[in-house]
Every structure is written in C-alpha cells, then in structure tokens.
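Worksheet for the structure shown next.
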Number of protein chains: 2
Amino acid sequence: MVDRSQVLTTLADSDVGRGLSANELEQVMALGQLQKMDPGQEIVRQLTPAEAVFLSCAGTVMVERNALNGRRQVIAFLRRGDYLGFTATTRYLYSATALEPCVMLKFPRKKFIALCDEIPGLKENLAHINNTVLASLLDHLFAIGQKRAHERLAFLIYQFYLRDGSPESGSAIQLPMSRTDIGDYLGLTLETTSRAFSRLRKEGIISTPDHHSVVIEQQEQLEDLAEVD
Amino acid sequence: MVDRSQVLTTLADSDVGRGLSANELEQVMALGQLQKMDPGQEIVRQLTPAEAVFLSCAGTVMVERNALNGRRQVIAFLRRGDYLGFTATTRYLYSATALEPCVMLKFPRKKFIALCDEIPGLKENLAHINNTVLASLLDHLFAIGQKRAHERLAFLIYQFYLRDGSPESGSAIQLPMSRTDIGDYLGLTLETTSRAFSRLRKEGIISTPDHHSVVIEQQEQLEDLAEVD
DNA sequence: CGCATGTTTGACTGTAGTCAAGATGTGTGG
DNA sequence: CCACACATCTTGACTACAGTCAAACATGCG
C-alpha cells in the first residue's frame, strides 16, 4: 500500500503542484490514481494513444525513443516530482519504463487538461514545466552534438549531482541505470561509456564505489567538462 | 516599408494566431512592433535578459547556442510563422540571427504574457507550440545521438521538404545556410557535412543545382535515411 | 559454489575530425 | 569584359575518436 499523504507532499513540492492551495491540491489528487510499477515495467508505450499523464512519486523512470531498426535514444531519467506526458499529438512520442520499483500518480489526460482550466495555477505550472523540459533538452542536445565521450558522461553525472541538491563532497550519487542506458542517453555505445568512466576515474575526477554509485572527487574539473555555456 | 496586412495574414496562418478572431488578431498585432533585420544581424543574444518574444514574418532565422570554448550547437532554423522566445529563465538560452533579410514582429514579453491571459486561444496556441517544439527537439536529439553523417543530412533535408509542404518531385528546396551552419546543426564538421552531400549525390538520392538548393531525386530512400521511428 | 548478468579491458576497424590543397563562385576594379 | 581577390565548398591524405567483436573480470543470486 502506498501512503497517500506522502504522495500529496510529493505533489505539493513538485513543479506540478507548486503554489497550489490545499484545496486545489486535493482536487488534483482526487483525479489521480496511484500505480505501483516493478523494475522493467512499461508505463507508456511509444505510438500508443496518449490517454494519461503522470506524476512520478518514487523511483526512477527512463524515457526513451525507439526506431524501427533497433536504435534507441534515451531522452530522460525521471524522478520523484517529475511530470510525464507531454505530446503535441494524440499518441506518445516515447516509451517510459520503470528502472526501480516506482510509484506513479496517473491522470486521465482529458480530465487533467480540463482541470488545468479550472485551476489557473496548475496551467501556469504546466507551462513552466514545459519550458524547463525544453531547457534541459537544449542542454542535452548540446552535449550530444558537441561534446566528447568523457565530457558527455561528466554532463550526465553533473546533472544527477545538481538534481540531488549538490550534496556534500564525498557523498555518493546513485545511477540506477545500466551502462547501456547511459550510452543510449549520451549517444555512445556501452563500451565507450565504460571507457569514459575509466577515464574519469583514472584522472581522479570521480570514483565508483559500485556500478550504480559515483562519488565526485574533483567537482571543478567535472563542472568544466560538463559545462554547457 | 513592410506591409502590415501581410503580417496580419502571417499571424493568422501561424501557430501563434491560429483560430483567433479578427478582433483578437488585431489586439496581438497592436502589441507587436515590426522589425527588419539584415543578414547576419543578431535578433536575440544568449544570456541577455529575455525581454521580448518574436513572430518570424519573412526570411530564415538561425537559433544557436554557444559555449565559452567556441563550440556551437545550432538549434533550429525558423521561418515565416515560427515563434521565437521560449525560456524557463529570465535570460535567453540561445542566440538568434538572421540568415536572410528578415521581418520580425517583436512583442514585449511581459505584455505578451499578459495578453495570453486575456485571450485564452492565444495561451492555448502557445502551449501547443511548446509541445511542437518539444517534439521536433526529440527528433533532432535522436538524429544527432543515433544517426550517421549522411543520415543526419537526410534528416535535415527531409525536414525542409516537409516544411515546404512536400512539393512536387523535381522542385528545389532552398537551404539558405552555410555548410558550417548545417554541420553545427547536425553535430558534424563542415567537411563531413560536405562529404555527406557528396555521398547522397553519388547515390542519386539528391542533386544540388547550387550550394543553397537541393532537389530530392529519390524520395523514398531519403525518407528511409531520415526516419526517426 | 557456479552460473548469469553486467562491466571492464583489449585488439582491431571504421567513421568522422583535422589539416591542407584545389575547385567553384561572386563581386570589384582596372 | 576580363583579371583578381575573397568566400565557400569540395576533395584528398592522414589522424583520432568511437564502434565492433571478443575475452576476461566482477557481482549478485539461486
């Protein structure tokens, strides 16, 4: 069983619910349905009708786009408080799968959009999220288009560092995805990704206590490699 | 002198003005100020305060992001009817320059946003544009992250083909930008871009009457190379 | 303990980047 | 009208980075 009050907190703290009154938050919650996902489980499937939008409440979700020939571009790794469901069409432009045990708050798209008209703050928030997503896509585009392998990896690690709230030096950052997933996010193969890890390790910029943890040893150097502008 | 009624038509036909009443269109027009730009002239500069948004009315505009070390990612080529001005922050995340003589309709950002609250249709349109931009960024990301040089070029040519309304086979598509610009859009050097042109020519997929025109000779093959999903 | 999965490393290949020369095209001035 | 200078694009030769294929190395789980 998932604790509904925890989800309410997640909603209130998220970009979706930020600034809404208790009453409005309740309205949003009332529309949503909690859904637990197991690792590897598909949340939305590319090209199927986009009938729902989601708020991620726990766990990490991988968003990806697949081509017919098997090539895959990972678009984002969503976490607690992140919104899922953008589309300019009636079908999803991407698939999303749970990387860990996840809790998603699921909303019927049409009703959610209708609710946006009733709660102006919610509509504002969605617009702002849209701009935020756009900004991070620009960063991503720059990294893939202009950076070298180890710089791209630095970019990803730095993103996770910032999202964890720039923790103390020495604390470990969790990377719940595989090397293949990281590679597909950065436009690299898994081997090149692995070599990029080795390079950053050898240069003393990071250490990796285990395959899914990174410790930043030299923050400035990492930042220089990761910088976008 | 720019013809104001032509601009009104552009606005009405664009994603910005679509579906608005004559009255509403007039309100929007009244807020805007026409601005002619010469080739090479800067329309917005990265990291300066984002005080204006624009509707492109004529000419092609290049949107790019520059890093301190000189690396550059071209983000988009805007044309008649395209909107310019998204930002999640108070500063522009990109620069925009005119590639040809351009006409831009310039709006004070704050007043434009205020107008969105008065004209619901305008707000809807902006939200939809946002989703469209997002979708095309996903395509772009996939192309750069997963495709080979000649496939990326096919992707760009196919985009321009679609934006011209899929013209008759045999008609030329205009590419007003340089090989360097194309390269920076696709994450390639200008030499690799040039070789990609040569390859598509040699394979009989395109022909290039001059450096700024492309004729699609084999549409299906081009589409296969360009395909995103 | 042994297998399965995921990661790292090595050897080699291939694609794109770099550096440089030549070709093409445009505009200017004699 | 031609000659020249300058831009831009194309091509060639070589280099470097990332991809491929394969083996070895961890790690975790039954």
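In the text below, chain A, chain B and the rest are named by the order of the sequence lines, each starting its count at 1. The figures here come from the full heavy-atom set of this structure, side chains too, leaving out hydrogens, waters and symmetry mates. This is a predicted model, so every value here is computed, not measured.
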I want to check one thing: is the phosphate of D:dT10, taken as OP1 and OP2, less than 4.0 Å away from some side-chain N or O of B:Arg201?
yes
Atom of B:Val61, atom of B:Ala96 and distance for their closest heavy-atom approach
CG1-CB, 3.9 Å
Test of understanding: with salt bridge (Lys or Arg N to Asp or Glu O under 4.0 Å), list the residues that count as partners of B:Glu42, not counting sequence neighbours.
B:Arg45
Tell me the interatomic distance from B:Leu188, atom CG, to D:dA18, atom C1', rounded to whole angstroms.
14 Å
Can you run down the ring-ring contact (aromatic ring centres under 6.0 Å, His included) pairs that involve residues 162-185 of chain A, sequence neighbours left out, and say none if there aren't any?
A:Phe77-A:Tyr185, A:His140-A:Tyr185
Can a side-chain donor-acceptor contact be found between B:Ser136 and B:Asp139 if the only test is distance below 3.5 angstrom?
no
To the nearest Å, how far apart are B:His212 NE2 and D:dA7 C1'?
10 Å
Of B:Thr208 and A:Gly187, the one whose closest nucleotide on DNA chain D sits nearer the 5' end is B:Thr208
Can you tell me how far C1' of D:dA18 sits from CD of A:Gln146, to the nearest Å?
16 Å
Need two values: the first and the last nucleotide of DNA chain C, 5' to 3', having an atom under 4.0 Å from any heavy-atom of chain B.
C:dT15 to C:dC19
Residues passing the side-chain hydrogen bond (donor to acceptor under 3.5 Å, both in side chains) test with B:Thr192, sequence neighbours excluded, are B:Thr189
Listed in order of residue number, which residues of residues 68-77 of chain A have a non-hydrogen atom at under 4.0 Å from DNA chain D?
none
In chain order, what residues pass the salt bridge (Lys or Arg N to Asp or Glu O under 4.0 Å) check against B:Asp164, with sequence neighbours excluded?
B:Arg79
Rounded distance (Å) that lies between atom C1' of D:dT10 and atom NZ of B:Lys202:
12 Å
In terms of heavy-atom contacts, A:Ala135 and B:Leu93 come closest through CB-CD1, 3.7 Å
Mind checking B:Arg152 for me? I need base, sugar-phosphate or nothing, with any heavy atom below 4.0 Å counting as a touch.
nothing
Within residues 190-200 of chain B, the residues having a heavy atom closer than 4.0 Å to DNA chain D are B:Leu190, B:Glu191, B:Ser194, B:Arg195, B:Ser198
With five pairs defining each end axis, the helix from C:dC1-D:dG30 to C:dA23-D:dT8 comes out bent, to 10°, by 30°
Hey, could you give me each pair passing ring-ring contact (aromatic ring centres under 6.0 Å, His included) that has a residue in residues 186-229 of chain B? Not counting sequence neighbours.
none
If I compare all heavy atoms of B:Lys147 with all of B:Leu225, which pair ends up nearest, and what's the gap?
NZ-O, 2.8 Å
Whole angstrom value for the distance that separates P of D:dA16 from CZ of A:Arg148
11 Å
Short N-O contact, A:Glu203 and A:Arg199, less than 4.0 angstrom:
yes
Salt bridge (Lys or Arg N to Asp or Glu O under 4.0 Å) partners of A:Glu151, counting only residues at least two apart
B:Arg71
Could you give me the CA-CA distance, side-chain angles and deciding distance for A:Tyr161 and A:Tyr158, then say whether ring-ring contact (aromatic ring centres under 6.0 Å, His included) is met?
CA-CA 5 Å; A:Tyr161 166 75; A:Tyr158 194 64; 5.6 Å; yes
Aromatic ring pairing A:Tyr92/A:Tyr94, orientation class (parallel under 30°, perpendicular over 60°, tilted between)
tilted
Nucleotide by nucleotide, nucleotides 23-28 of chain D touches protein heavy atoms under 4.0 Å in the pattern (B base, S sugar-phosphate only, - none) ------
Are A:Ile206 and A:Arg201 close enough that some pair of their side-chain heavy atoms sits under 4.5 Å apart?
yes
Only counting residues at least two apart or in another chain, list the ones meeting salt bridge (Lys or Arg N to Asp or Glu O under 4.0 Å) with A:Glu64.
A:Arg72
Within 45° cone and under 6.0 Å: B:Arg163 NZ/CZ vs B:Phe160 ring:
yes
Chi-angle category of D:dA23 [syn within 90° of 0, anti beyond]
anti
